[in-house]
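Every chain is numbered from 1, with letters handed out A, B, ... down the list of sequences. Atoms considered below: every heavy atom in the structure, side chains included; atoms not considered: hydrogens, waters and symmetry mates.
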Amino acid sequence: MVSLLDAELRKLLGLRTAWIGLLVGFLAAPALVFVSAGSTRRAIAEGLYTDSSDLGFQTLGIGVLGAMILGVVTVSSEYTPTGEDAPGARQLTTTLAAMPRRARLLTAKGAALTLVVAVQGLVTTVATLALTRLVHGSLVPSPAPGRLAGAVLYWVLIGLLAYALTLIFRNGIVTLTVLVVNTSVVSVSYLLTKVTSAAVYLPDIVGAHMFLNEVGDHDVAPVTAGLVMSAWVAALLALAGWLFGRRDA
Amino acid sequence: MITIDGVTRVRGRTRVLHEVSFTARPGRVTGFLGPNGAGKTTTLRVLLGLDRPQGGTALIDGRRYADHDRPLTVAGALLDGSGAHRSRSARSHLRWVAASNGLPRSRVGEVLDLVGLGAEAGKRAGRFSLGMSRRLGLATALLGDPPVLILDEPVNGLDPAGIRWMRTFLRDSAAAGRTVLLSSHLMGELAETVDDVVIIDHGRVVAAGELAEVVGGHATLEDAFLAKTGSEGVSW
């Protein structure tokens, strides 16, 4: 299992697109702290923030894109055609020749992704919160360790969600489009919460309750949020694993 | 030793393999011949556990490919293309493959030199020519120094020098005691290389045996092939 994990880490970190994911994850949220500093300061002065402890954590949302990209490319790179001269040829063939036990392969791949995304999530969360304190000083209370852990867990679960969805769709573009549009342009999940309160328990919405005090109009306890999002991700991973085991490569 | 026994495969409503059975023995090159679409690649994919058969067994040294620990040390396979992600260098591709089976890193340089890609190790796989891609695929198959080689159309895309090199390589591999199974639709290339022949047509094995046996009363392997597959008189 160690050699499989070693191979999957090398594969992931040897991809250019993975480095885009890494850089986006590392840089986007800290950069946003600076970019939005002025407007945030005004918002605080006007009393728009009822809970200023959310400040740094809210900025993290954009960095999660990095985790999504990593989750997607670790699978989509297997399905990318290797060249024009052999349209059906993909890296997946080599992967399965080297690691033919599919459940073990998916476990190793998921573990490699979790490792990379957890480090990214931890570093980015700490950096973003520290910068927020630096920029806004005593306006922002010092972050609770539990919320920090919640943010990192959210980061990892989003990465695994993207991983599971790409395994199901076998296409990175579809998965990434759905996920990115839903996080950055129009949050369909968020709009759904306006229609039915059950939508509060959709994976991306509910997970945010792990580290944000104010998400939409509903309150979900952080531990409940963590459990619900983990259950979503576990269910999707189980479905993805079942499909991957059954399908021809 | 490769043992394929009664392998049947159905894709959608089409039966692409009908109880395919044959063996490939150590120390011999076995040519798996048939027209395009006859089921050669599918049989090899079933053998490697990539496609699932609806019946029958395909074993390497008595076990399914996926049931071997460190399978790259048991069998090496060359299928379509290089098998490398186009953004990776040849070296970085081979390094992860070596890591997956606990093979020493030194093997990467060795196999690259063996297939004549030593000078191209840092080049990205996406920039490789067809011939270079095949060589990289072969290098991957050889990483674990396996006693069994499974090669799908190995001479496709090779220039004349490459074809000669491949032929010598296959003969040397068999002489060293390896089991070599290769598929091809090119009879002329094969007649000089193979010891045993299996002919497949429309998913059924129509002839199998030593080269001389299969050629029988025909003038050439090509004539025998055309007679067995009933493609005589078809204009190409």
Problem set entry | Under 4.5 Å from any heavy atom of chain B - which part of A:T80 | side chain
Seminar exercise, completed: Minimal heavy-atom distance between A:T94 and B:A84, with the atoms involved, is OG1-N, 4.5 Å
Problem set entry | Part of A:R102 lying under 4.5 Å from any heavy atom of chain B | side chain
For this session: For the residue pair A:L12 and B:W96, establish whether any side-chain heavy-atom pair is separated by less than 4.5 Å.
Result: no
Exercise. Going by heavy atoms in the side chains, are B:H85 and A:K11 under 4.5 Å from each other?
Worked result: no
For this session: Work out which heavy atom in B:S100 is nearest to a heavy atom in A:L4; give both atom names and the distance.
Result: O-CD1, 3.8 Å
Exercise. Which bit of B:R127 comes within less than 4.5 Å of chain A, counting heavy atoms only: side chain, backbone, both or neither?
Worked result: neither
For this session: Heavy-atom pairs under 4.5 Å with chain B are the metric here; pick the option from A:R90, A:E78, A:R16 that has the most.
Result: A:R16
For this session: Find the distance between CG (A:L96) and OH (B:Y65) and round it off to the nearest 0.5 Å.
Result: 9.5 Å
Exercise. Between B:H93 and chain A, which part of the residue has a heavy atom less than 4.5 Å away: side chain, backbone, both or neither?
Worked result: side chain
Seminar exercise, completed: Between B:P71 and A:A97 the two heavy atoms that sit nearest each other are CG-O, 3.7 Å
Exercise. Do the charged groups of B:D69 and A:R101 touch, with an N to O distance under 4.0 Å?
Worked result: yes
Problem set entry | Carboxylate-amine/guanidinium contact B:R9 A:D248, below 4.0 Å | yes
For this session: Carefully, step by step, assess A:L15 and B:S87 under the rule side-chain contact (heavy atoms from CB on, under 4.5 Å).
Result: CA-CA 7 Å; A:L15 282 173; B:S87 78; 4.0 Å; yes
For this session: Determine the minimum heavy-atom distance between B:R95 and A:R10, stating which atoms define it.
Result: O-CD, 4.1 Å
For this session: Check each atom of A:T95 against the heavy atoms of chain B and say whether the ones under 4.5 Å are side chain, backbone, both or neither.
Result: both
Problem set entry | Close side-chain approach of B:D80 to A:T93, heavy-atom, < 4.5 Å | no
Seminar exercise, completed: Taken to the nearest 0.5 Å, the spacing of B:L50 CG from A:L92 CG works out to 8.0 Å
For this session: Could you check if a side-chain atom of B:N101 sits within less than 4.5 angstrom of a side-chain atom of A:S3, using non-hydrogen atoms only?
Result: no
Exercise. Does a donor on one side chain sit under 3.5 Å from an acceptor on the other, for B:R88 and A:Q91?
Worked result: yes
Problem set entry | Among B:N156, B:D67, B:V97, residue most engaged with chain A (heavy-atom pairs, under 4.5 Å) | B:D67
Seminar exercise, completed: Heavy atoms of B:A99 and A:D6 approach each other most closely as CB-OD2, 3.6 Å
